[in-house]
Protein chains: 2
Amino acid sequence: MNKKITINEIAKIANVSKTTVSRFLNQKFENMSQATKEKIERTIQEYDYQPNRQAQTLKTQSSLTIGISVADLSNLYTSRLLKGISQTFQDTNYQLLIMDADNHQEREINNIQVLLNENVDGIILQPLSHIPSQYQLLVDQGLPVIQVDRYVEPFTFPAIVSDNFQKSLEIADLVQAKQYEQILVLANQISGISSRMNRFDGLSNALTESNISVSLIEIDLDSDWHTKVMQFIEQPQKTAIFALNGQVLWEVVRFLQKNQIIYPKDVGLIGYDDDNFADLIQPGISVIKQNPHQIGQTAAKYLLDQLQNKTPMKPQNIRIAAELELRHSL
Amino acid sequence: MNKKITINEIAKIANVSKTTVSRFLNQKFENMSQATKEKIERTIQEYDYQPNRQAQTLKTQSSLTIGISVADLSNLYTSRLLKGISQTFQDTNYQLLIMDADNHQEREINNIQVLLNENVDGIILQPLSHIPSQYQLLVDQGLPVIQVDRYVEPFTFPAIVSDNFQKSLEIADLVQAKQYEQILVLANQISGISSRMNRFDGLSNALTESNISVSLIEIDLDSDWHTKVMQFIEQPQKTAIFALNGQVLWEVVRFLQKNQIIYPKDVGLIGYDDDNFADLIQPGISVIKQNPHQIGQTAAKYLLDQLQNKTPMKPQNIRIAAELELRHSL
DNA sequence: GTGAAAGCGCTAACAA
DNA sequence: TTGTTAGCGCTTTCAC
């Protein structure tokens, strides 16, 4: 067990005080002779000295660590989001403390407490809850916080999200142009998840004046969704299905394949594709592709900016354009 | 900015010394009166006190943090691996410090240095390099380290991996039974990546006595791989393609679809499917499904065990069975 | 059963 | 231009 060398020993070896070494570490060269500077540099090199982070944090109350809490670690959207964040912080001094809420609100609260307790300098949060009071402890801390993918209303922190509402307007246009008569929106529980609500609301709002009906089935809450979907498809009206996220889209495709329902003949199909797999499935499925990597990058950039300039950012929604890719299914 | 309450203030409020509070925090109740115990408990509750992690670490030299360095954060294999690790540590006091090497060796080295510098108590490593000397600094530290997905030879640390070699033996049997005459193995660079090498070696070894030829194309190193694959397919021999990981499998499927090459008629196809998407593609593709979640869990469990029992683990390979799912493509 | 005091490795105010 | 000193929040030895 290699005991690590400390600032004291470096100071002793270089024949200076530890203050001077500390000045060197923090690049305060204004009043330092070239000689001592070089002497310290050499010693640090030679002994491969790295300052102890905990001691630095304890003293300065700044951990140079960014806390992240994601809703669910195990999907590609999250991976790409994290990649974007990670790349942006790559060449800074910040470390990332990534925590998974695993879609449980208590875990998210716990994550936030742990992150605060680790004295993180900023937080990137993919919020699970839409109840602002849950995040009161973040507000109290006055820490820089950026939301990603979703936001909590009323706005307390800036949020980097996809242009969910806008994309649904485009889908509404399409659906009208193609003369569909009813739309079935399939989703995981949407209540409180701003991204999903925006996707649904965009469509409903745009079609409210039309005579196209919009229905919602939350497949994770409704064990009978298979039957209901079949009923919709069997009705005489021309029906389209809109899957609000990738996971749901693939479940629907599996279901349709199993029941030999052909799209777009028997039913129209469009959905979110966070896995970029839609082009592999024949016939091609029309999808909306988000850009989680850019969402992550953007969030990280804004956070970094706040950290460096100490200027608080006003709560606002920053939208990253998703991409509509039309194929044959709608 | 809510200044956090410290052990000193808790002590003052509870009318005891901070030593006693510290004893309480560390559950040293042997010589503590019920009265003080309750008094401290109440005060801690009331003020929502959480001990400062940096101070604890500085003092005890144990950070209660596990460092993780993954090869590439942005694929599902990694996500599921991390989920398995994360779930296992969920109910412990350990935090996870996750770092992405982004497939760059220098980054991995840097990650390791950062993790050591953060005084992590253990490391889970998906190694990028096969050169043991790169990891000498880990050996020197005497830290518990577990490798996942891949290993470095000669063995310095235990490794949790898929049964890559064994699965390739099964594939060799299949290929012989189906009377293929040549196998084209498609991969990303395999040199030094034990998992990929094991997959290739298993197949080659099993077929060395047969008259089935085995060829390798590393598609990320060979910009001309499309042409070469076409040449193989056009040969009179009955050909099968074996894609050594998910990403490669999907690239091959895209390529075959684009060129209207039909499997299994024109060419047999089997590959690793870490995304669990193969069942969506028609006709069904035969795949090997790994279990990264279980690999992560297992790695975390062994690490936790070492941490708690202070017993070093002997370097060994622990294999987690992958699953062969046969469909129509081979 | 409890507390005083030293010290983990660092930074920063102040002194020289 | 450099050093002395105090202290960040905690644990632990030793004393009572």
Side-chain angles (χ1 to χ4, degrees), chain A residues 1-41 43-44 47-65 93 114 116-121, chain B residues 1-41 43-44 47-65 93 114 116-121:
Chain A
M1 197 68 134
N2 233 339
K3 193 82 186 71
K4 287 217 207 81
I5 196 160
T6 75
I7 197 174
N8 265 311
E9 313 179 65
I10 293 293
K12 210 157 292 167
I13 295 165
N15 233 315
V16 294
S17 78
K18 58 177 176 170
T19 311
T20 310
V21 178
S22 174
R23 288 201 185 97
F24 179 92
L25 293 175
N26 294 288
Q27 326 234 30
K28 311 204 163 157
F29 300 131
E30 308 94 62
N31 295 319
M32 196 181 297
S33 74
Q34 191 62 21
T36 39
K37 186 173 162 183
E38 278 166 11
K39 202 166 46 179
I40 295 176
E41 180 150 36
T43 325
I44 288 182
Y47 290 87
D48 197 25
Y49 165 70
Q50 307 263 114
N52 178 308
R53 288 286 293 256
Q54 279 81 25
Q56 290 184 132
T57 303
L58 184 58
K59 187 67 202 175
T60 61
Q61 310 284 17
S62 152
S63 61
L64 293 181
T65 298
N93 280 318
V114 167
L116 292 177
N117 202 234
E118 293 281 344
N119 291 309
V120 296
D121 293 341
Chain B
M1 196 67 132
N2 230 340
K3 193 82 187 68
K4 286 217 207 83
I5 196 161
T6 75
I7 197 174
N8 264 311
E9 314 179 64
I10 293 293
K12 210 157 292 166
I13 295 164
N15 233 315
V16 292
S17 75
K18 59 178 175 170
T19 311
T20 310
V21 178
S22 174
R23 286 201 186 98
F24 178 91
L25 293 175
N26 295 286
Q27 326 233 28
K28 311 204 163 160
F29 301 130
E30 308 93 60
N31 294 319
M32 196 181 297
S33 74
Q34 191 62 21
T36 39
K37 186 174 161 182
E38 278 166 11
K39 200 166 48 182
I40 295 175
E41 181 150 36
T43 323
I44 287 182
Y47 290 86
D48 198 24
Y49 165 70
Q50 307 263 114
N52 178 307
R53 288 286 292 255
Q54 280 81 23
Q56 290 185 133
T57 304
L58 184 58
K59 188 66 201 173
T60 62
Q61 310 284 17
S62 152
S63 61
L64 294 181
T65 298
N93 280 317
V114 168
L116 292 177
N117 202 233
E118 294 280 345
N119 291 310
V120 295
D121 293 340

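Both backbone and side-chain heavy atoms feed into the values below; hydrogens, waters and symmetry mates do not. Proteins get letters first, then strands, A, B, ... in listed order; numbering begins at 1 in each.
For the 3.5 Å distance criterion, the side chains of B:Thr19 and B:Ser22 fail to qualify, holding no donor opposite an acceptor.
Looking at heavy-atom distances under 4.0 Å, B:Tyr49 makes contact with sugar-phosphate atoms alone, never a base.
Distance check, rounded to the nearest 0.5 Å: CG of A:Leu58 to OG of A:Ser63 gives 12.0 Å.
Here the shortest heavy-atom pairing between A:Pro51 and A:Leu25 reads CB-CD1, 4.1 Å. Between A:Ile10 and A:Ile5 the shortest heavy-atom distance is CD1-CD1, 4.0 Å. The two residues A:Phe24 and A:Lys37 have their closest heavy-atom pair at CE1-O, 3.6 Å. When all heavy atoms of B:Asn119 and A:Gln54 are compared, the closest pair comes out as ND2-OE1, 2.7 Å.
For B:Gln50, the side-chain contact (heavy atoms from CB on, under 4.5 Å) criterion is met by A:Asn117, not counting sequence neighbours. Applying the side-chain hydrogen bond (donor to acceptor under 3.5 Å, both in side chains) criterion to B:Gln34, with sequence neighbours excluded, gives B:Glu38.
At a non-hydrogen distance threshold of 4.0 Å, A:Leu58, A:Lys59, A:Gln61 from residues 56-63 of chain A come into contact with DNA chain D.
Identified under the salt bridge (Lys or Arg N to Asp or Glu O under 4.0 Å) test for residues 13-24 of chain A, with sequence neighbours left out: none.
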Could you run down the sub-3.5 Å N/O contacts of the protein with nucleotides 1-5 of chain D?
residue : atom : partner : partner atom : Å
D:dT2   : OP1  : A:Ser33 : OG           : 3.1
D:dT2   : OP1  : A:Thr36 : OG1          : 3.2
D:dT2   : OP2  : A:Ser33 : N            : 3.1
D:dT2   : OP2  : A:Thr36 : OG1          : 3.0
D:dG3   : OP2  : A:Ser17 : N            : 2.8
D:dG3   : OP2  : A:Ser17 : OG           : 3.3
D:dG3   : OP2  : A:Thr20 : OG1          : 2.8
D:dG3   : O6   : A:Arg23 : NH2          : 2.4
D:dT4   : O4   : A:Thr19 : OG1          : 2.7

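Comparing the axis of the opening five pairs of the helix from C:dG1-D:dC16 to C:dA16-D:dT1 with that of the closing five pairs yields an angle of 40°, rounded to 10°.
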